[in-house]
Amino acid sequence: MMRMVRNVLMYMLLCASTQILAQSNAMPVDGDLVGTWEGEFPASQEVSCSAYKWTMTRKSDGTYRYHGYDDTQTIIDDEGRWWVDAGHATYFETVNTQDEVPTEYAYSVSQNNINNNNVEVEFKQIKPLEQGECSQTFRFSERKSANAQPKEMS
């Protein structure tokens, strides 16, 4: 009986320590980036670039949903994880369906009016573009949307 009690207590301690460890390893997020954002790549002369718009919804738990679309159809629907460095200068994201090194961006948030109704964030990719990549993806901005609803992914 004593052995069973000890085993149950050890199991409970192991579960609690695993949960504490998982929480302590959580990546930090920047609360200024939480919410629904909209962006757009305008038409370009580059062959590798397409004109499209997107909605990015970042949650405080470090997950995101991305919906990219053009005038006729959905181009891409993704979900993934996002976080920032401790100094809130570098933004990282990974796509759930891909086993990859995170994409890194330097970022800055600007609030253009007193009511926070016109908030923008600018991203600049840290890693240089590879041959054939669209230059628009290197530096872009998003605007915080008070009205945008995240699109449900199927």
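Every value quoted in this text rests on a predicted model; they were computed, and no experiment measured them. Position 1 is the first residue of the sequence; numbering continues from there.
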Donor-acceptor pair, side chain of R81 and main chain of D61, under 3.5 angstrom: yes

Verdict with reasoning, D78 to N96, per side-chain contact (heavy atoms from CB on, under 4.5 Å): CA-CA 8 Å; D78 272 330; N96 286 346; over 6 Å; no

Salt-bridge criterion met for R65 and E79 (N-O under 4.0 Å): yes

Reported CD-to-CZ distance for the pair E38 and R143, which is rounded to 0.5 angstrom: 6.5 Å

Worked verdict on T55 versus W37 for side-chain contact (heavy atoms from CB on, under 4.5 Å): CA-CA 6 Å; T55 301; W37 298 78; over 6 Å; no

Residues in side-chain hydrogen bond (donor to acceptor under 3.5 Å, both in side chains) contact with W54, at least two apart in sequence or another chain: E142

Residues in side-chain contact (heavy atoms from CB on, under 4.5 Å) contact with S141, at least two apart in sequence or another chain: E122

For E40, side-chain contact (heavy atoms from CB on, under 4.5 Å) partners two or more places apart: K53

For A51 against P42, the heavy-atom pair lying closest together: CB-C, 3.9 Å

Heavy-atom check, side chain of Y105 versus side chain of I126, under 4.5 Å: no

Residues in side-chain contact (heavy atoms from CB on, under 4.5 Å) contact with D30, at least two apart in sequence or another chain: D32, L33, V84, H88, Y107

Partners passing side-chain contact (heavy atoms from CB on, under 4.5 Å) against D85 (at least two apart in sequence or in another chain): A89, T90, F92

Shortest non-hydrogen contact between G35 and K144, atoms and distance: CA-CE, 4.2 Å

E93: partners by side-chain hydrogen bond (donor to acceptor under 3.5 Å, both in side chains), with sequence neighbours left out: Y91

Side chain to side chain, W83 and P102, heavy atoms closer than 4.5 Å: yes

Audit row: D70, F41, side-chain contact (heavy atoms from CB on, under 4.5 Å) steps and yes/no: CA-CA 10 Å; D70 64 13; F41 289 141; over 6 Å; no

Check: T57/T36 side-chain N/O donor and acceptor closer than 3.5 Å: yes

Shortest non-hydrogen separation from F138 to K127 and the atoms involved: CE1-O, 3.9 Å

Under 3.5 Å: donor-acceptor pair, side chain of Y66, backbone of V95: no

4.5 Å side-chain heavy-atom contact, D77 and Y69: no

